[in-house]
Amino acid sequence: MRRERACLVGAQVRRRGNGWALADSVAELSALASAAGANPVTTVTQTLNAPSPTYVGSGKLDEIAETVRDFHVETVICDDELTPAQQRVLEDRLEVKVIDRTALILDIFAGRARTREGKLQVELAQVEYLMPRLAGQWSHLERLGGGIGTRGPGESQIETDRRLMRLKARDLRRSILDVRDQRGSQRRRRQRGEVKTVSLVGYTNAGKSALFNTLTGSDIRSVDRPFETLDTTTRRLYLPSGASATLSDTVGFINKLPPILIDAFNATLEEAMFADLLVHVTDISNPLAAESAEVVDSVLADLGLGETPRVLVLNKLDLVTDVPPPAEEISNDGNVMTSAIKRWGIDELRSAIDVALGNVSAVDEVDDAAATIAV
Ligand SMILES: Nc1nc2c(ncn2[C@@H]2O[C@H](COP(=O)(O)OP(=O)(O)OP(=O)(O)O)[C@@H](O)[C@H]2O)c(=O)[nH]1
Ligand SMILES: [Mg+2]
């Protein structure tokens, strides 16, 4: 497949943002662009004093126009969600297709969705994204050559008018509700059996699916690229106390996660929303582990899950050390260090889940603590 030549553009308003350095955010954008099949050939960034109606300042825009010509750029990808007006102005000035981070992420999601629920949710997000951007846009986009940001199930809808899209969105919501009802009744059956539910959550690519496979003996796809998992899988998890729980693996989060996606993926995220315990998986080898964990915390808070009991897992330990640390260092304050690949810390994680679910009584814990002190 020929890869569209893309110019990445990042802008940050001084004293705003969430602690991510502009360069780190754009580096992540580059990985997203590659995952969507683009070829990021060059990058332009700018720190601004105030937001600009053209995303970057006017001088910077001239620089980008020049870069577009010099590098034979076909698509400009901005690191934030653009307003419809910003997008139009940029396309008029640059005379190439301009897409934003949201369109890029939607494009990746469109390529990854496999189940009916996943596909419906991506389509809903695309319709919601396109609706305000519709007026006069399609002929304009077509002139600029289609491709990334214009693909997926939403594509056939673009030429229809907004009224049709609103009807479409309503139908999609209904279909999602149907699928979700089925899932809800499965969940209620499980709850009647009083099986506790545990959900893996975390930044995309942290190793949630790899851990899920190691913990449940499953074989779901775990690949080194963003948003590999979109659909929720649930399996039984056996715990050292003899109790069992269900474990769910689900879609990962990312910095600047489009609200449209959180909205559309409500059904998929429900498994986490009803969980008794969240296992927050972070990639400890990632230099941005702390920033990524903060993003996850804030998305969870937005979902109303700020108070759900949580175990923090620092995964990919094998990438920062050659030998596993002693058992007492593996788990600490309810945090557990793991390597899903080398199976380090897996028993400790099961124990931590057991304790957090209240399967292991406080007395046992005190005994354990006493035993540790005695040693
Ligand atoms: N070295 C090492 N690699 C790991 C570990 N856990 C996961 N990986 C790798 O990291 C990549 C991402 O793992 P996934 O399990 O797909 O991550 P995920 O959190 O499910 O990601 P999404 O589904 O995309 O949100 C894969 O290439 C895994 O093989 C680990 O403990 N050590
Ligand atoms: Mg996954």
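Computed from a prediction, not measured in an experiment: that's the story for all the values here. Each ligand, and each atom within it, is numbered from 1 in the order the structure gives.
For atom 4 (C) of ligand 1, the nearest protein heavy atom (residue, atom name, distance) is Ile341 CG1, 3.4 Å. The protein non-hydrogen atom at the shortest distance from atom 6 (N) of ligand 1 is Asn315 ND2, 3.1 Å. Closest protein heavy atom to atom 21 (O) of ligand 1: Asn205 N, 2.9 Å. Looking from atom 1 (N) of ligand 1 to the surrounding protein, the closest heavy atom is Asp318 OD2, 2.7 Å. With respect to atom 28 (C) of ligand 1, the closest heavy atom belonging to the protein is Ser222 OG, 3.5 Å. Atom 31 (O) of ligand 1 has Ala340 N, 2.9 Å as its closest protein atom, hydrogens excluded (heavy atom only).
Distance CG/Asn39 to CZ/Arg3: 6.5 Å, rounded to 0.5 Å. With values rounded to the nearest 0.5 angstrom, Ser34 atom OG is found 12.5 Å from Arg225 atom CZ. Here Phe227 contributes atom CZ and Leu261 contributes atom CG; the two are 7.5 Å apart, rounded to the nearest 0.5 Å. The CG atom of Leu269 sits 5.5 Å away from the CZ atom of Phe253 when rounded to the nearest 0.5 Å. Atom-to-atom distance recorded for Ile353:CD1 and Glu348:CD is 12.0 Å, nearest 0.5 angstrom. Here the CD1 atom belonging to Ile284 is positioned 10.5 Å from the CG atom belonging to Asp318, to the nearest 0.5 angstrom.
Within the 4.0 Å heavy-atom criterion, both parts of Thr204, backbone and side chain, lie near ligand 1. Looking at Val223 against ligand 1, only its backbone comes within 4.0 Å, counting heavy atoms. With a 4.0 Å cut-off on non-hydrogen atoms, Lys342 does not touch ligand 1 at all. Here Asp224 has heavy atoms under 4.0 Å from ligand 1 in both its backbone and its side chain.
Not a single N or O atom of Val251, backbone or side chain, sits closer than 3.5 Å to an N or O atom of ligand 1. Note: no N/O pair closer than 3.5 Å links Leu319 and ligand 1 by distance alone. For the pair Gly207 and ligand 1, the shortest N or O to N or O distance falls below 3.5 Å. In terms of polar-atom proximity, Lys316 is counted as a contact of ligand 1, with an N or O under 3.5 Å from an N or O of the ligand. Where the criterion is an N or O separation shorter than 3.5 Å, residue side chain and backbone included, Ser209 meets it with respect to ligand 1.
Of the candidates Arg112, Glu228, Arg221, Lys208, it is Glu228 that places a heavy atom closest to atom 24 (O) of ligand 1. Residue Thr229 holds the heavy atom nearest to atom 23 (O) of ligand 1 of all those in Ile220, Ile284, Thr229.
At least one side-chain heavy atom of Ile105 sits less than 4.5 Å from a side-chain heavy atom of Pro258. No side-chain heavy atom of Thr282 sits less than 4.5 Å from a side-chain heavy atom of Ser292.
Residues Arg310 and Asp297 are paired through a salt bridge, judged by an N-O separation under 4.0 Å between the basic side chain and the carboxylate. Here Lys60 pairs with Glu63 in a salt bridge; the nearest charged N to carboxylate O distance falls below 4.0 Å. Salt bridge status for Asp79 with Arg101: present, with a side-chain N to carboxylate O gap under 4.0 Å. Salt-bridge formation is not detected for the pair Glu28/Lys256: no Lys NZ or Arg NE/NH1/NH2 atom is positioned less than 4.0 Å from an Asp or Glu carboxylate oxygen.
For a distance bound of 2.8 Å, the N, O or S atoms of Thr204 include none lying that close to the Mg ion (ligand 2). Taking backbone and side-chain atoms together, Asn205 has no N/O/S atom less than 2.8 Å away from the Mg ion (ligand 2).
Centred on the Mg ion (ligand 2), the OG atom of Ser209 and the OG1 atom of Thr229 lie at an angle of 90°, reported to 10°.
The aromatic rings of Tyr203 and Trp20 sit parallel to each other, their planes meeting at less than 30°, with 60° as the upper class boundary.
The shortest separation from a heavy atom of Gly202 to ligand 1 is not under 4.0 Å, leaving the residue out of contact.
Heavy-atom proximity to Arg225, at under 4.0 Å, picks out these atoms of ligand 1: 24 (O). With ligand atoms numbered from 1 in the order given, ligand 1 contributes 24 (O) to contacts under 4.0 Å with heavy atoms of Phe227. Contact atoms of ligand 1 toward Ala210: 6 (N), 7 (C), 15 (O) (distance under 4.0 Å to a heavy atom of the residue).
A donor-acceptor contact closer than 3.5 angstrom links the side chains of Thr250 and Thr232.
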